[in-house]
Amino acid sequence: MSLITRILVIILSLIIMFLGEYLWTHRKKKFLIFSLADKPSFSTTLAVLGGCLIIAGLATLFTSFMANLVPFLWMIVIDVILATIMTFTLLIYLFSN
């Protein structure tokens, strides 16, 4: 695996961990345009999504230093899936009444 690939994956893992940390720290505060008083399950959703993203980011960071390519690729796919799930979940909360 080339050096530029490892650097890009390390940047990806840092972005995923930042997203997870942002969701985790805002689970008790007003989040963007969402109010926790209107949707009490939103706090739990932010906690679960934030925790999953932090764990996935750490696992991606760990696999970026491995020599085996298969876990490396699986973690990239998992990161993309989790980021997509996060986006669609926030859209569901945005458009639900």
Is there a donor-acceptor contact under 3.5 Å from the side chain of S43 to the main chain of R27?
->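 Between the backbone of R27 and the side chain of S43 there is a qualifying donor-acceptor contact (under 3.5 Å).
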Which value, rounded to the nearest 0.5 Å, describes the distance between [X] atom [atom1] and [Y] atom [atom2]?
{"X": "T87", "Y": "I92", "atom1": "OG1", "atom2": "CD1", "answer": "11.0 Å"}
{"X": "T63", "Y": "R6", "atom1": "OG1", "atom2": "CZ", "answer": "10.0 Å"}
{"X": "I54", "Y": "L49", "atom1": "CD1", "atom2": "CG", "answer": "11.0 Å"}
{"X": "C52", "Y": "D79", "atom1": "SG", "atom2": "CG", "answer": "11.5 Å"}
{"X": "T89", "Y": "L46", "atom1": "OG1", "atom2": "CG", "answer": "10.0 Å"}

Kindly give the cluster partners of I4, where membership spreads through any ILVMFWY side chain lying under 4.5 Å from a current member.
->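 Under the 4.5 Å side-chain rule, I4 groups with L8.
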Side chain to side chain donor-acceptor pair (under 3.5 Å) against T5, all qualifying residues, sequence neighbours excluded |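 Counting only residues at least two positions away or on another chain, T5 forms a side chain to side chain donor-acceptor pair (under 3.5 Å) with S2.
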[X] with [Y], same ILVMFWY side-chain cluster at under 4.5 Å:
{"X": "L69", "Y": "V80", "value": "no"}
{"X": "V48", "Y": "F88", "value": "no"}
{"X": "M86", "Y": "I76", "value": "yes"}
{"X": "L90", "Y": "F95", "value": "yes"}
{"X": "I85", "Y": "I78", "value": "yes"}

Over all atoms of both residues, closest heavy-atom pair of A56 and M75 |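 Taking every non-hydrogen atom into account, O-CE, 3.5 Å.
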For the student: nearest non-hydrogen atoms of Y93 and T45, plus distance |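 Heavy atoms only, the tightest pair is OH-OG1, 2.8 Å.
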Is L3 close to I7 at the side-chain level, that is, under 4.5 Å between some pair of heavy atoms?
->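 Yes; the side chains approach each other to less than 4.5 Å.
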Ignoring hydrogens and angles, write down the donor-acceptor pairs under 3.5 Å from the side chains of residues 9-25, residues two or more places apart or on other chains.
unit_1, atom_1, unit_2, atom_2, d
S13, OG, V9, O, 3.4
S13, OG, I10, O, 2.8
T25, OG1, E21, O, 3.0
T25, OG1, Y22, O, 3.2

